[in-house]
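Starting from 1, each residue takes its place in the sequence as its number.
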Amino acid sequence: MNQLRASDHTFKMPKVQDLKRKLIVIVIGTLKGMGGAERQAILLAEELLQRGFKVKLIAFSGGSTETVLQSKGIPYTVYPFNSYQPFKRNLIPLLKLTLFLRGLKPYAFIPFITLNSKYIGLVWKLTGAQFACWNQRDEGREVYGSRLERWSINNVPVVVSNSWPGRNVLIEKLGVAASKVSIINNGIVLPEVQEKAIDWHDHLKLSKDTMIVSMLASIYKFKDHTTLIKAWQQVQAQLKARNKSGVLVLAGTFKGMETALKVLCFDLRVADSVYFIGTTPHTNDLIRQSAMVVHSSNLEGCPNAVLEAMALGKPVVATHIPGHEQALGDTYAQQCLSHPNDDKDLAAKMIKVLEDKALAKELGAYNRQRIKDHFSIEQMVDHYLGLITRYTSAS
């Protein structure tokens with residue numbers, strides 16, 4: 001069967017009206033927090049409901065995100081299932097889960113994250129459903145190449161990834177044929193202009209002419225804050241030489257690297273201009289008030305932090321890796337994508353964007369338009385529906 005490609009915006013979706021009478025089940029792991037996968041699952045469910053489709057969201061543990069689902073009117077059920085325990089101990093719970101899912105009379109399953117894809121891949125045919133996909137939502141850090149994963153992914157008709165790196169891991173570790181993997185970009189909401197909830201200059205006690213450079217990412221080994229801080233030392237030197245001031249704001253959950261990075265800031269004598277603020281509900285305000293956003297990392301899927309900055313019309317400088325190139329494109333690669341682990345190249349590109357206001361404005365406008373053209377919610381939903389209808393029609 002020919003696979004639907006995410007770049008194909010002219011595909012036909014037969015029997016969509018018929019599909020509206022069927023139940024689409026979206027499976028996510030937990031409602032304890034709102035990660036990137038959870039946000040995408042909710043955006044998908046919300047858009048499907050607005051279009052008149054029947055949707056049910058299944059989570060394996062409850063939590064604070066339930067209030068979001070309730071406020072949006074998204075039907076959901078919390079079914080306790082520990083997907084993280086060893087598979088052999090999950091055989092009876094998995095049988096019970098299968099019976100529960102069968103009772104919903106599902107037509108199609110769209111799971112989010114690797115673990116949920118693995119379990120749905122194993123049982124979906126026993127539920128009476130007509131469609132299921134493996135839905136890879138990260139760069140593949142939880143794909144191990146096990147026989148169970150291979151069996152599961154070969155048991156579904158369609159494999160989806162939201163990123164080039166995620167697709168490549170499935171090909172390399174699980175032996176999936178490239179033609180079987182459809183890339184569906186994340187859907188990003190274009191934020192409306194609104195009054196700021198927080199003034200970050202006031203909050204950080206900065207003068208109004210201080211430039212803010214921000215990076216939004218968890219502070220842990222999967223990112224490359226080290227190269228960024230080394231680059232920031234060079235950016236600071238250039239700013240001071242021109243009698244300008246700037247700060248680097250690092251927003252994200254502390255996951256074990258923060259102490260070593262603070263020591264590095266002290267050793268490089270930039271500790272007074274680097275702020276580790278942890279998590280914040282005011283990320284959009286931080287992005288809006290930043291002169292630019294930077295994303296230093298050596299391994300990414302297609303990072304939401306970059307996409308959200310683009311949606312807000314901000315210039316972004318990032319490491320030249322596939323996930324960042326997928327997000328930013330190659331039109332301004334020379335200006336915005338730096339060599340991995342190269343603090344001098346990263347610093348040079350940051351300085352250029354900070355000093356050239358016309359370039360920064362041009363990059364911001366391009367980024368926002370790229371989100372409209374390639375990362376809209378509507379396109380994301382169209383592609384999922386296209387996969388379902390094309391497969392079930394062919395069947």
Side-chain angles (χ1 to χ4, degrees), residues 1 4 11-31 37-62 65-66 68-81 83 93-113 115-137 152-153 155-160 182 184 187 377-395:
M1 184 184 72
L4 183 67
F11 63 84
K12 296 180 180 179
M13 297 189 298
K15 296 169 59 178
V16 169
Q17 293 304 317
D18 291 343
L19 182 57
K20 285 187 175 181
R21 299 195 295 268
K22 312 293 187 179
L23 178 64
I24 299 174
V25 178
I26 298 173
V27 183
I28 64 175
T30 179
L31 297 176
E38 289 77 24
R39 284 198 298 273
Q40 289 296 303
I42 290 171
L43 288 171
L44 175 61
E46 188 176 18
E47 178 68 15
L48 285 171
L49 286 170
Q50 289 177 358
R51 296 189 189 189
F53 290 90
K54 292 174 62 178
V55 176
K56 184 91 168 181
L57 192 148
I58 304 298
F60 296 144
S61 62
T65 306
E66 291 185 60
V68 177
L69 298 177
Q70 292 163 4
S71 68
K72 294 178 179 295
I74 298 174
Y76 73 96
T77 296
V78 176
Y79 182 89
F81 178 75
S83 57
L94 185 60
L95 175 60
K96 293 180 178 179
L97 172 64
T98 304
L99 293 173
F100 164 74
L101 294 174
R102 185 178 178 84
L104 298 177
K105 298 183 178 179
Y107 184 77
F109 283 104
I110 302 177
F112 278 74
I113 79 167
L115 269 176
N116 299 331
S117 294
K118 179 173 70 175
Y119 282 108
I120 292 301
L122 293 174
V123 306
W124 74 278
K125 290 181 179 179
L126 303 175
T127 68
Q130 301 300 304
F131 174 89
C133 65
W134 179 292
N135 197 3
Q136 188 68 34
R137 307 307 300 180
S152 177
I153 204 166
N155 199 42
V156 296
V158 173
V159 178
V160 172
S182 293
I184 299 183
I377 303 295
E378 293 77 15
Q379 286 183 14
M380 176 183 72
V381 174
D382 284 347
H383 282 110
Y384 278 113
L385 292 175
L387 289 174
I388 296 171
T389 54
R390 179 169 293 189
Y391 173 75
T392 54
S393 296
S395 299

Q: Verify side-chain contact (heavy atoms from CB on, under 4.5 Å) between Tyr384 and Leu48, making sure each step is shown before the conclusion.
A: CA-CA 10 Å; Tyr384 278 113; Leu48 285 171; over 6 Å; no
Q: Kindly determine whether Gln70 and Tyr76 satisfy side-chain hydrogen bond (donor to acceptor under 3.5 Å, both in side chains), including the steps that lead there.
A: CA-CA 9 Å; Gln70 292 163 4; Tyr76 73 96; 2.9 Å; yes
Q: Which pair of non-hydrogen atoms, one from Arg102 and one from Gly128, has the smallest distance, and what is that distance?
A: NH1-N, 3.8 Å
Q: Taking the side chain as every heavy atom from C-beta outward, state whether Lys72 and Gln50 have any atom pair closer than 4.5 Å.
A: no
Q: Compare every heavy atom of Ile113 with every heavy atom of Ala37, then report the nearest pair and how far apart it is.
A: CB-CG2, 3.6 Å
Q: Please give me the minimum heavy-atom distance between Ile377 and Gly187, naming the atom from each residue.
A: CD1-C, 3.3 Å
Q: Taking the inter-plane angle between the rings of Tyr79 and Phe100 on a 0 to 90° scale, is it parallel (under 30°), tilted (30 to 60°) or perpendicular (over 60°)?
A: parallel
Q: If we ignore hydrogens and angles and just use 3.5 Å, is the side chain of Ser393 paired with the main-chain N or O of Arg390 as donor and acceptor?
A: no
Q: Out of curiosity, Leu387 CG to Cys133 SG, how far, rounded to the nearest 0.5 Å?
A: 7.0 Å
Q: Where is the tightest heavy-atom contact between Phe53 and Lys20, given as atom of each residue plus distance?
A: CE2-CG, 3.5 Å
Q: For Val158 and Phe131, what are the C-alpha separation, side-chain angles and deciding distance, and is it a side-chain contact (heavy atoms from CB on, under 4.5 Å)?
A: CA-CA 8 Å; Val158 173; Phe131 174 89; 3.7 Å; yes
Q: Could you go through Gln40 and Met380, starting from their C-alpha distance and side-chain angles, then the distance that decides it, and tell me whether this counts as side-chain contact (heavy atoms from CB on, under 4.5 Å)?
A: CA-CA 10 Å; Gln40 289 296 303; Met380 176 183 72; 3.2 Å; yes
Q: Output the distance between atom OG1 (Thr98) and atom CD1 (Ile120), rounded to the nearest 0.5 Å.
A: 8.0 Å
Q: Rounded to the nearest 0.5 Å, how far apart are NZ of Lys54 and CD1 of Ile24?
A: 10.5 Å
Q: Show your working on side-chain contact (heavy atoms from CB on, under 4.5 Å) between Leu104 and Ile58 and close with a plain yes or no.
A: CA-CA 11 Å; Leu104 298 177; Ile58 304 298; 3.9 Å; yes
Q: Just verifying a value: how many Å separate Leu69 CG and Glu38 CD, rounded to the nearest 0.5 Å?
A: 10.5 Å
Q: On a heavy-atom basis, which atom in Ser117 and which in Trp134 lie closest, and how many Å separate them?
A: CB-CD2, 3.7 Å
Q: Donor-acceptor check, side chain of Asn135 to backbone of Phe112, threshold 3.5 angstrom: yes or no?
A: no
Q: Heavy atoms only: give me the nearest Ile28-Leu31 pair and the separation to one decimal.
A: CD1-CD2, 3.5 Å
